[in-house]
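We count ligands from 1, going down the list as the structure has it; atoms in each ligand are counted the same way. We use all heavy atoms of the structure for the numbers below, so side chains are in, but hydrogens, waters and symmetry mates are not.
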Amino acid sequence: MDFRALPKIELHAHLSGSISRECLHEIWLQKKERGETSLEDPLVEMPAGKFDYDLDTFFPLFSRYIYALCNDLTSLIYTTNSVLEDFQADGVVYLELRTTPRAIPSANITKDDYVQTVLDCISNFNASSSMKTNLILSIDRRNDVPTALQVVDLAIKFRDHGVVGVDLCGDPAVGDVSIFQPAFAKAKQKNLKITIHFAEAPQSSTAKELWTLLSYNPGRIGHVIHVPDDVKEEIIRRKLGLELCLSCNVHAKMITGTYSDHHFGWWRETGCPIALSTDDVGVFGSTLSNEYALIAEHFNLDRKEICDLARGAIDTIFESEDEKQRLREIVWK
Ligand code: IMP
Ligand code: ZN
């Protein structure tokens with residue numbers, strides 16, 4: 001089944017992980033022509049059809065390669081616009097894009113400039129398209145406390161310009177999440193929404209870590225894989241929104257087995273709103289419409305059940321009742 005025409009809500013997409021290989025290749029060609037890069041061609045670095053990035057190879061792909069290639073204002077604008085176009089072309093009608101504020105000293109770009117630039121692209125796109133996009137700023141698990149607080153301060157500064165919340169992401173093998181308490185407390189106090197990468201890998205799924213993360217009062221949580229029973233009960237009691245990323249979890253071997261073994265099958269019975277999401281479509285190669293197709297195929301959902309699933313994500317967006325109403329009128333019954 002082809003779900004490109006189905007109006008969809010995407011709530012878990014990392015900007016730099018959503019850049020297509022073709023777009024990265026175009027950036028590379030432009031830089032190559034100007035003699036500005038000695039990096040390998042993205043189509044060689046990330047060959048077509050290669051999606052088997054695991055937690056050991058995935059994070060270095062950004063720090064070693066994608067950030068080194070997308071390292072100036074031109075590439076930031078070009079890639080952001082390309083990502084927005086790709087989501088719209090796939091039938092996304094509401095997008096919450098997330099990104100980690102990144103200073104690029106070699107190009108004189110501060111974190112403030114970075115966020116401002118992404119927001120300018122989004123607001124231009126919002127003005128000329130039927131897809132609405134908001135931005136979430138990510139704290140990386142590698143961050144220290146001042147850096148995390150800086151992310152929250154940027155989110156507060158730009159909250160009237162399209163920033164709706166704060167995320168916690170990054171390598172699940174790294175960091176002590178309890179240090180971020182002041183950052184999430186400040187975000188909450190300023191009425192920013194919170195989403196958190198949650199129980200993504202066994203190392204980041206101790207009872208201590210998960211209860212600490214729940215104490216930050218997230219409105220949504222992402223991945224939600226290795227969850228003990230008492231934590232599951234609490235998630236259901238709070239009816240937290242769940243951002244579930246099928247292809248990413250299968251390709252990165254974050255779950256045992258394949259699509260039909262995905263924990264979507266377990267969570268769908270619980271009454272928590274579910275937002276099927278792509279995570280990093282540029283790396284794992286599966287568009288949101290393809291994620292819906294995979295769910296329909298492997299969990300035997302008919303057309304009505306797929307439409308209900310797509311509509312269910314509306315309840316958990318970080319936006320006003322008016323926007324939810326607009327979406328309820330667009331997403332098929
Ligand atoms: P950016 O924040 O726009 O630069 O997007 C890329 C970044 O998102 C990566 O460097 C990671 O820190 C983060 N990221 C992307 N996918 C995942 C994931 O599945 N788990 C945790 N962090 C992720
Ligand atoms: Zn993610």
Side-chain angles (χ1 to χ4, degrees), residues 10-20 23-24 46 51 53-71 75-77 79-80 82-84 87 95-104 109 111 114-115 117-119 121-122 133 135-143 147-148 151 154-155 163 165-175 177 195-205 209 213 218 220-226 241-255 275-286 288 291:
E10 165 72 73
L11 300 183
H12 187 134
H14 299 264
L15 171 56
S16 307
S18 301
I19 308 167
S20 71
C23 177
L24 289 173
M46 302 165 68
F51 305 122
Y53 294 90
D54 61 19
L55 292 176
D56 293 329
T57 53
F58 175 79
F59 293 98
L61 179 66
F62 291 91
S63 39
R64 183 182 53 75
Y65 186 77
I66 296 176
Y67 293 155
L69 183 64
C70 302
N71 65 349
S75 55
L76 181 60
I77 295 169
T79 52
T80 304
S82 164
V83 165
L84 294 171
F87 278 114
L95 167 66
E96 282 175 15
L97 195 61
R98 61 186 72 190
T99 197
T100 322
R102 179 162 57 98
I104 312 174
I109 296 172
K111 290 185 184 182
Y114 178 94
V115 174
T117 303
V118 172
L119 284 171
C121 294
I122 289 175
T133 301
L135 190 65
I136 293 171
L137 298 184
S138 299
I139 296 170
D140 190 302
R141 295 175 64 107
R142 283 176 300 191
N143 289 164
T147 309
V151 173
L154 284 167
V163 174
V166 178
D167 164 47
L168 179 65
C169 74
D171 187 343
V174 174
V177 299
T195 176
I196 287 181
H197 284 67
F198 193 90
E200 208 181 346
Q203 309 93 295
S204 65
S205 305
E209 166 153 345
L213 293 175
R220 298 197 307 254
I221 47 182
H223 293 295
V224 205
I225 304 173
H226 306 278
L242 310 177
E243 304 156 356
L244 301 184
C245 309
L246 227 69
S247 293
C248 156
N249 294 169
V250 170
H251 289 310
K253 300 196 170 46
M254 292 155 72
I255 60 165
L276 287 192
S277 296
T278 54
D279 212 358
D280 298 281
V281 56
V283 179
F284 297 112
S286 179
L288 189 57
E291 294 292 284

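- Counting protein heavy atoms only, atom 17 (C) of ligand 1 is closest to His14 NE2, 3.5 Å.
- Atoms OG1 and CG, from Thr99 and Leu119 in turn, are 10.5 Å apart once rounded to the nearest 0.5 Å.
- When distances to the Zn ion (ligand 2) are checked against a cut-off of 2.8 Å, His14 contributes an N, O or S atom below that limit.
- Here Asp280 has side-chain heavy atoms under 4.0 Å from ligand 1, and that is the only part of it that gets that close.
- Remark: of the listed residues Val166, Leu11, Leu135, Thr195, Thr195 is the sole one forming a side-chain contact (heavy atoms from CB on, under 4.5 Å) with Arg98.
- Between His223 and His197, the ring-plane angle classifies as tilted under the 30° and 60° cut-offs.
- For atom 1 (P) of ligand 1, the closest heavy atom belonging to the protein is Ser16 OG, 3.4 Å.
- Side-chain contact check for Asp167 and His14: no donor-acceptor pair (N or O, by modelled atom type) lies under 3.5 Å.
- If you check which protein heavy atom lies closest to atom 2 (O) of ligand 1, you get Thr100 OG1, 2.6 Å.
- At the shortest separation from atom 3 (O) of ligand 1 among protein heavy atoms lies Thr99 OG1, 2.6 Å.
- Near Phe58, with a cut-off below 4.0 Å to any heavy atom, the atoms of ligand 1 are 15 (C), 16 (N), 17 (C).
- Listed by number with element, the atoms of ligand 1 under 4.0 angstrom from any heavy atom of Leu15 are 3 (O).
- Under 4.0 Å from ligand 1, not a single heavy atom of Asp171 appears.
- In this structure, Arg64 places its CZ atom where more than 12 heavy-atom neighbours from other residues, nucleotides or ligands lie under 6.0 Å away.
- Contact annotation for Arg102 and ligand 1: no heavy atom of the residue comes within less than 4.0 Å of the ligand.
- Aromatic pair Phe62/Tyr53: centroids not less than 6.0 angstrom apart.
- Thr57 places a side-chain N or O within donor-acceptor distance of the main-chain N or O of Asp54, the cut-off being under 3.5 Å.
- Using modelled atom types, one side-chain atom of Arg141 and one backbone atom of Val174 make a donor-acceptor pair closer than 3.5 Å.
- Here the heavy atom of the protein found nearest to atom 20 (N) of ligand 1 is Glu200 OE2, 2.5 Å.
- Using modelled atom types, one finds a donor on one side chain and an acceptor on the other under 3.5 Å when comparing Ser286 with Glu291.
- Residue Ile66 does not touch ligand 1, judged by heavy-atom distances below 4.0 Å.
- Lys111 pairs with exactly one of Val151, Thr147, Thr100 by the side-chain contact (heavy atoms from CB on, under 4.5 Å) rule, that one being Thr147.
- Proximity to Asp140 (heavy-atom distance under 4.0 Å) selects the following atoms of ligand 1: 12 (O).
- Close contacts of ligand 1 with Gly170, meaning ligand atoms under 4.0 Å from a residue heavy atom, involve 12 (O), 21 (C), 22 (N).
- When distances to the Zn ion (ligand 2) are checked against a cut-off of 2.8 Å, His197 contributes an N, O or S atom below that limit.
- Each of the following atoms of ligand 1 lies closer than 4.0 Å to a heavy atom of His223: 19 (O).
- Nearest N/O/S atom of Asp279 relative to the Zn ion (ligand 2): this is OD1.
- Taking 2.8 Å as the criterion, His12 counts as a coordinating residue of the Zn ion (ligand 2), since one of its N, O or S atoms falls below it.
- Those atoms of ligand 1 with a heavy atom of Tyr67 less than 4.0 angstrom away are 1 (P), 4 (O), 5 (O), 6 (C), 7 (C), 9 (C), 10 (O).
- For the pair Glu10 (side chain) and His12 (backbone), a donor-acceptor distance under 3.5 Å is present.
- Here the shortest heavy-atom distance to atom 19 (O) of ligand 1, taken over Asp279, Val283, Leu168, Asp167, belongs to Asp279.
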(request) Give the C-alpha distance, both sets of side-chain angles, the deciding distance and a yes or no for side-chain contact (heavy atoms from CB on, under 4.5 Å) between Arg142 and Asp171. (result) CA-CA 8 Å; Arg142 283 176 300 191; Asp171 187 343; 5.8 Å; no
